[in-house]
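Here's the structure we're looking at; comments come further down.
Keep in mind it's a predicted model, so treat the numbers as computed, not measured. Counting starts at 1 for both ligands and their atoms, following the listed order.
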Amino acid sequence: MAAGGQDDTQRPTEGGHERVLLSPPDVGPLEESYLLRALRSGWVAPVGPEVDAFEREAAERVGTAHAVALSSGTAGLHLALVALGVRPGDAVIVPTLTFVATANAVVYTGAEPVFVDCEPDTGNLDPELLERALHELRAAGRRVAAVLPVDMFGSCADYGRILPICAAAGVPVVEDAAEALGATRDGRPAGSFGRAGVLSFNGNKIITTSGGGMLVSDDGALVDHCRYLSTQARQPVPHYEHTDTGYNYRLSNLLAAVGRAQLRRLDSMMARRRSHRSRYAELFAQTAGVRLLSAGDPTANCWLTSIVVDAQATGWQAGELAAHLAGAHIETRPVWKPMHLQPVFAGARALLTGTAERLFATGLTLPSGSGMSPEQLDRVCARIGDFLRSRPARNRNLPGVRPAQDAESVGSALSTS
Ligand SMILES: *Cc1c(COP(=O)(O)O)cnc(C)c1O
């Protein structure tokens, strides 16, 4: 996948320089010992005690009563929607600024993803626009079957506003917390806000099982139903009886063991990502026109740190810094390309302010991995320092950040993009 450096087939060393990746897996002796223990226990066939323990431990961490371990976060989103009864013809509201998995899960059910723009400071779903989208869809006679807020780059969406809006509309919330394990908002852990929450343990995420996910919820019946659907919807009889269409979405016992080791290390890995963000914040503090996405969120897990560049104030664009760092074997990525701009969603319904498009055009995600060594981070910061010194700000008197466009400019109705 894009933002996490998942498609890196390069070796970590290249041209004699160690390549600094965006967010590579951070695994070591603890993961090795847990994995070996699981393998030697004989529980290799998919289910086993590591899966049960990983579910208990993850649920405890997220503060939900139940959890089901799955083969991916995408599988979790899909099952949550199926279990909530999302069906063809329904609308499901998705932030336009997200990884494609959020929207794909809706498509798998036959429902229509409707894209809503985000807040400029965080890139998270804009509650005011959400309310308007709900209103307009219902006025048009559409059934809105779910809202899928995303905790962008590990910063929780504004649930203090989102949950009451959805409750008033009678629409369930599924929290896409794929990026946000360990983060909190108003004292509540990411993953615990909706009817169900979904975590990802993809290779680039804050903890990894090399590939995996989890659905968490206080609703035991919902989690049981998802567990049943995830194992081919097998009836409890010896002869493989099926009354529903199921899926093969369970996490294996071996990978659950890796996940347990990672979960034990979550706090220390999160501390390292947070300290990377602080370092970047310091580095850019004197640069007018550069801000950090979600800079004001002290409870983010800091999965990825992105800067947002106002080229009018800096005299340079995010892409120029990206090219400079690429030349020094340092990986960066743009912020997500909004879903309404993706060819696969051409013509999709969307309620837009231009904020997501601006973040895509002006954002740059910097190396954020918890395995990044102090020497690597020093090198990244030194190369950024070189770049900043080579581009003295040209327009020091211009305001650093343009005021956020307000929702008035959207136009009167949901538009097709
Ligand atoms: C990673 C991610 C997913 C998908 O998780 P997988 O485990 O890779 O299937 C879903 N939503 C968001 C926002 C993500 O970042």
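A donor and an acceptor atom, one from each side chain of Y159 and D151, are located under 3.5 Å apart. Checking S368 against H276 by side-chain atom types alone, no donor-acceptor pair falls below 3.5 Å.
Using a cut-off of 4.0 Å between Lys/Arg side-chain N and Asp/Glu carboxylate O, K205 and E179 are scored as not salt-bridged. Ion pair D26/R265 flagged as a salt bridge, since at least one NZ, NE, NH1 or NH2 atom sits closer than 4.0 Å to an Asp/Glu carboxylate oxygen. A salt bridge is absent between R142 and E136; no separation between the charged side-chain nitrogens and carboxylate oxygens falls under 4.0 Å.
Considering backbone and side-chain atoms together, W303 places no N or O closer than 3.5 Å to any N or O of ligand 1. Remark: ligand 1 and T98 share no N or O pair separated by less than 3.5 Å (distance only, no angle test). An N or O contact shorter than 3.5 Å links S200 to ligand 1 by distance.
Residue-level proximity to ligand 1 for V150 is carried by the side chain, the only part with a heavy atom below 4.0 angstrom. Contacts between S72 and ligand 1 below 4.0 angstrom, taking non-hydrogen atoms only, involve backbone and side chain alike.
Close approach to A101 involves these atoms of ligand 1, each under 4.0 Å from a residue heavy atom: 3 (C), 4 (C), 10 (C). Heavy-atom proximity to G212, at under 4.0 Å, picks out these atoms of ligand 1: 7 (O).
Not a single heavy atom of M152 lies less than 4.0 angstrom from ligand 1.
When the heavy-atom distances from atom 3 (C) of ligand 1 to A180, A178, G203 are ranked, the shortest goes to A178.
Annotation: cation-pi geometry not satisfied between R277 and Y280 (NZ/CZ under 6.0 angstrom from ring centroid, within 45° of ring axis).
Between atom CZ of residue R358 and atom CG of residue D310 there is a gap of 10.0 Å, rounded to the nearest 0.5 Å.
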